[in-house]
Amino acid sequence: MERTLKISKIKDGTVIDHIPAGKALKVMTILKMDDRTTNSVSIGIRVPSGKMGQKDVIKIENRDLEKFEVDKISLIAPEASISIVKDYEITEKFSVELPTRLIGTVKCHNTECITNLKEPVSSDFLLISKKPIVIRCNFCERNMNEKEIISSL
Ligand code: CTP
Ligand code: ZN
């Protein structure tokens with residue numbers, strides 16, 4: 001009897017691997033994928049991983065990621081790797097990287113911040129610390145920690 005069920009390889013699309021255990025659904029939210037999504041998607045949650053003990057993995061057929069989406073993913077999965085697959089072969093593979101400056105990516109936690117009050121003003125954050133992750137709003141100078149970032153994505 002086959003005792004392991006591997007997540008199938010994909011033909012064309014994107015694999016987001018090495019997501020911290022339990023964070024895959026948040027990544028799905030970042031990618032705005034829900035019951036209306038028509039792509040084939042495989043999600044592994046808390047699957048065994050040599051490096052991480054447990055990890056999450058998402059495989060999406062026929063979808064490319066935009067830079068702003070990769071930036072958002074880096075905030076909750078700074079160790080994630082992204083593979084682009086074409087006709088079953090990986091044509092590109094890279095690790096996500098936390099940008100030192102995030103423009104228009106995260107909503108400031110401060111409801112009085114000008115970026116929340118005036119429509120054309122984009123949010124603008126500087127990376128203060130990677131581990132634990134802390135970013136600072138360039139307008140109101142308020143810091144946001146990982147928990148606050150996650151709840152604002
Ligand atoms: N993958 C896939 N479909 C393909 C090719 C690769 O779903 N046609 C997936 C693999 O299952 C893996 C990821 O893309 O989750 C990266 O593939 P690869 O670099 O071959 O895997 P590993 O060597 O295990 O990479 P790592 O060291 O990053 O775990
Ligand atoms: Zn602010």
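If you read the sequence from its start, that first residue is 1, and numbering goes on from there. It should be emphasised that the depicted structure is a prediction, and the values quoted were computed from it without experimental measurement. Order of listing sets the numbers, starting from 1, for every ligand and every atom in it.
- Interface atoms of ligand 1 facing S83, defined by a heavy-atom separation under 4.0 Å, are 16 (C).
- The protein heavy atom nearest to atom 12 (C) of ligand 1 is D17 OD2, 3.7 Å.
- A heavy-atom distance below 4.5 Å is found between the side chains of V57 and I7.
- Listed by number with element, the atoms of ligand 1 under 4.0 angstrom from any heavy atom of K93 are 16 (C), 18 (P), 19 (O), 25 (O), 26 (P), 28 (O).
- Using a 4.0 Å cut-off to heavy atoms of I90, the atoms of ligand 1 that qualify are 5 (C), 6 (C), 16 (C), 17 (O), 18 (P), 19 (O), 20 (O).
- A continuous path of hydrophobic side-chain contacts links I84 to M33 [ILVMFWY only; heavy atoms under 4.5 Å].
- Within the 4.0 Å heavy-atom criterion, both parts of I10, backbone and side chain, lie near ligand 1.
- Residues F94 and V70 meet the side-chain proximity criterion, which asks for heavy atoms closer than 4.5 Å.
- In this structure, the side chains of V27 and I76 come closer than 4.5 Å at one or more pairs of heavy atoms.
- Counting heavy atoms from C-beta on, the side chains of I16 and D56 never come closer than 4.5 Å.
- Listed for the S151 side chain is a donor-acceptor partner under 3.5 Å among the backbone atoms of E148.
- Side-chain contact check for N39 and R63: no donor-acceptor pair (N or O, by modelled atom type) lies under 3.5 Å.
- Protein heavy atom closest to atom 1 (N) of ligand 1, with residue, atom name and distance, is V15 CG2, 4.0 Å.
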task = Would you check, one step at a time, whether the test salt bridge (charged side-chain N to carboxylate O under 4.0 Å, His left out) holds for R101 with D124?
result = CA-CA 7 Å; R101 190 168 174 196; D124 187 353; 2.6 Å; yes

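- Counting heavy atoms from C-beta outward, E146 and P132 have side chains that stay 4.5 Å or more apart.
- The nearest protein atom to atom 10 (C) of ligand 1, hydrogens excluded, is given as K59 NZ, 4.0 Å; this is a heavy-atom distance.
- Between the Zn ion (ligand 2) and C140 there is an N/O/S contact shorter than 2.8 Å.
- On a distance-only criterion, Y88 and ligand 1 share at least one N/O pair closer than 3.5 Å.
- Residue-to-ligand polar distances keep E89 apart from ligand 1: every N/O pair is separated by 3.5 Å or more.
- Residue contacts with ligand 1: K9 is placed with no nitrogen or oxygen under 3.5 Å of a nitrogen or oxygen of the ligand (distance criterion only).
- In this structure, atom 20 (O) of ligand 1 is in close contact with the protein, since a protein heavy atom lies within 4.0 Å of it.
- When non-hydrogen atoms are compared, ligand 1 lies under 4.0 Å from the side chain of H18 (C-beta onward) but not from its backbone.
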